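Letters go in sequence order (proteins before strands), and every chain restarts at 1. Here the structure is a predicted model, which means the values were calculated and not measured.
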Amino acid sequence: MKTQTPNADRSGRAVVEVVDGPIDLAATLDGGQAFRWWPDDAEGQGSYRGVILDRVVRISPSGNDLVVTALDDKPVDQAAGLVSDHVNASATLAAFRRKFGSEPGVCGAILDYPGLRLLRQDPWECLACYLCSSTSSVKRIKQNAEDLAVTLGRKVGPGKGDFEFPSAQAVADAGEQKLRDLKLGFHAKGLAKAAALVAAGDLDLSSLRTLAYDEAKRELLKLEGVGDKIADCVLAFSLDKPQTFPLDTWVRQAVRKRYTLPDRCDDAFIREWAREKFGDFSAIASQFLFYREWVTRGTAG
DNA sequence: TCTACGCCTTACCT
DNA sequence: AAGGTAAGGCGTA
């Protein structure tokens, strides 16, 4: 674990130190990687409220660091440790900036969004959310995730939306039809099946963190409803695989706009091109390309 | 094997 | 206001 010992006080707050901060919370927590963070300006501008595992927290910017407030009446230092891990607070961005800070395709995004980072999410929640992502929108995926939590998850805090993301067991117990009732559409089937596998212990998502990229991806691709793109998102955003290059409609558009590629190349070609170009910085590069294209709805550059 | 295309849910956008 | 689109995947021709 990449947790650290936070600096806690008695008021339910703790400081999380951030390497190469500050973190852009809007871009990082609410920029299409994760789906259960909401703006919360109770602590001034730029704060976000959400649930990590069973802890309800508010995360606020504080200089280069973060202030974590526990909103669930449990020890703040543990919550701060979860936050530190979730936002990759101890990860350095220096090498990426050094190598690609002047590279024409991504340097604009790096300049415009210097605080964008990769998250390190809970693998089950990450997989479940991306199983709901095909031909959907970030806004609707967030609604799906919220519906799942409120309907199938445990209440873990005082707020209306303070629900734990439901366990694989809880989702498996609900079954496909109930998931369809939650308006998950055709995603319900794949989610129900994945939940059953994880709940039965036939798929240990956390153990994929210690596997090589190809091995881990092979396991994810066995799941119904998981193809290259969704597998890559889970690998990049929750399974410590920085060499993956999630390729969706926005990244594809960004790549075609900002780089010179053969006119009729397919996704496999682009993935291979990205692997050679970005190497172990593929995941973060993809996210910069995605975020700039997505927030500007394709009108940037 | 490779490619193209239809289909799958539903809400939001114009 | 009807039709296209939205962090895709899968089966078939």
What range of DNA chain C does chain A touch, first nucleotide to last, counting atoms under 4.0 Å from its heavy atoms?
C/dA6 to C/dC10

Could you summarise the pairing of DNA chain C as dot-bracket text, marking Watson-Crick and G-U pairs under 3.5 Å with ( ) or [ ] inside the strand and | across strands?
.|||||.||||||

Using the closest heavy atom to pick a nucleotide of DNA chain C for each, name whichever of A/E224 or A/Q33 lands nearer the 5' end.
A/Q33

When the [atom1] atoms of [M] and [N] are compared, how many Å lie between them, rounded to an integer?
N	M	atom1	value
C/dC10	B/dA11	C1'	23 Å
B/dC7	C/dT5	C1'	15 Å
C/dT12	B/dT9	P	16 Å
B/dG6	C/dG4	P	13 Å

Would you mind listing every salt bridge (Lys or Arg N to Asp or Glu O under 4.0 Å) that reaches into residues 167-179 of chain A, with sequence neighbours excluded?
A/E176-A/R180

Would you mind listing every salt bridge (Lys or Arg N to Asp or Glu O under 4.0 Å) that reaches into residues 56-67 of chain A, with sequence neighbours excluded?
A/D40-A/R58, A/E43-A/R58

Is any NZ, NE, NH1 or NH2 atom of the basic residue among A/R252 and A/E293 found under 4.0 Å from an Asp or Glu carboxylate oxygen of the other?
no

Would you sort out whether A/E164 and A/L53 count as a side-chain contact (heavy atoms from CB on, under 4.5 Å), showing the intermediate values?
CA-CA 6 Å; A/E164 191 176 36; A/L53 299 182; 5.5 Å; no

Hey, could you give me each pair passing side-chain hydrogen bond (donor to acceptor under 3.5 Å, both in side chains) that has a residue in residues 94-109 of chain A? Not counting sequence neighbours.
A/E103-A/Y259, A/E103-A/K277

Among pairs that include at least one residue of residues 218-229 of chain A, which meet side-chain hydrogen bond (donor to acceptor under 3.5 Å, both in side chains), considering only residues two or more places apart or in two chains?
A/K193-A/E224, A/K217-A/D228, A/E219-A/K222

Tell me what A/E293 touches on the nucleic acid: a base, only sugar-phosphate, or nothing, going by heavy atoms under 4.0 Å.
nothing

NZ or CZ of A/K142 within 45° of A/W37 ring axis and under 6.0 Å
no

Is there a salt bridge (charged side-chain N to carboxylate O under 4.0 Å, His left out) between A/R117 and A/D20? Walk through the geometry before answering.
CA-CA 10 Å; A/R117 297 185 164 231; A/D20 297 334; 5.3 Å; no

Hey, does [Y] have a side-chain heavy atom less than 4.5 Å from the side chain of [X]?
X	Y	result
A/F35	A/Y130	yes
A/R256	A/C265	yes
A/I59	A/L29	yes
A/D232	A/L247	no
A/S134	A/H187	yes
A/I52	A/D122	no

Check each residue of [range] for a non-hydrogen atom within less than 4.0 Å of any atom in DNA chain C, then write out the ones that pass by number, or none.
range	answer
residues 243-273 of chain A	A/D248, A/T249, A/W250
residues 225-238 of chain A	A/G225, A/V226, A/G227, A/D228, A/K229, A/I230, A/F237
residues 130-149 of chain A	A/Y130, A/S133, A/S134, A/T135, A/S136, A/S137, A/V138
residues 174-191 of chain A	A/F186

Run the ring pair (Phe, Tyr, Trp, His ring centres under 6.0 Å) check on A/Y291 and A/Y113 step by step: do they pass?
CA-CA 9 Å; A/Y291 186 70; A/Y113 312 106; 4.9 Å; yes

Report, one line per pair, each donor and acceptor closer than 3.5 Å where one atom sits in a side chain of residues 197-208 of chain A; sequence neighbours left out.
residue	atom	partner	partner atom	Å
A/D204	OD1	A/S206	N	3.3
A/D204	OD1	A/S207	N	3.4
A/S207	OG	A/D204	O	2.6

Which residues end up grouped with A/V56 if you chain together Ile, Leu, Val, Met, Phe, Trp and Tyr wherever their side-chain heavy atoms are less than 4.5 Å apart?
A/V51, A/L71, A/V156

Value for SG (A/C126) from CZ (A/R120), rounded to nearest 0.5 Å, stands at 12.0 Å

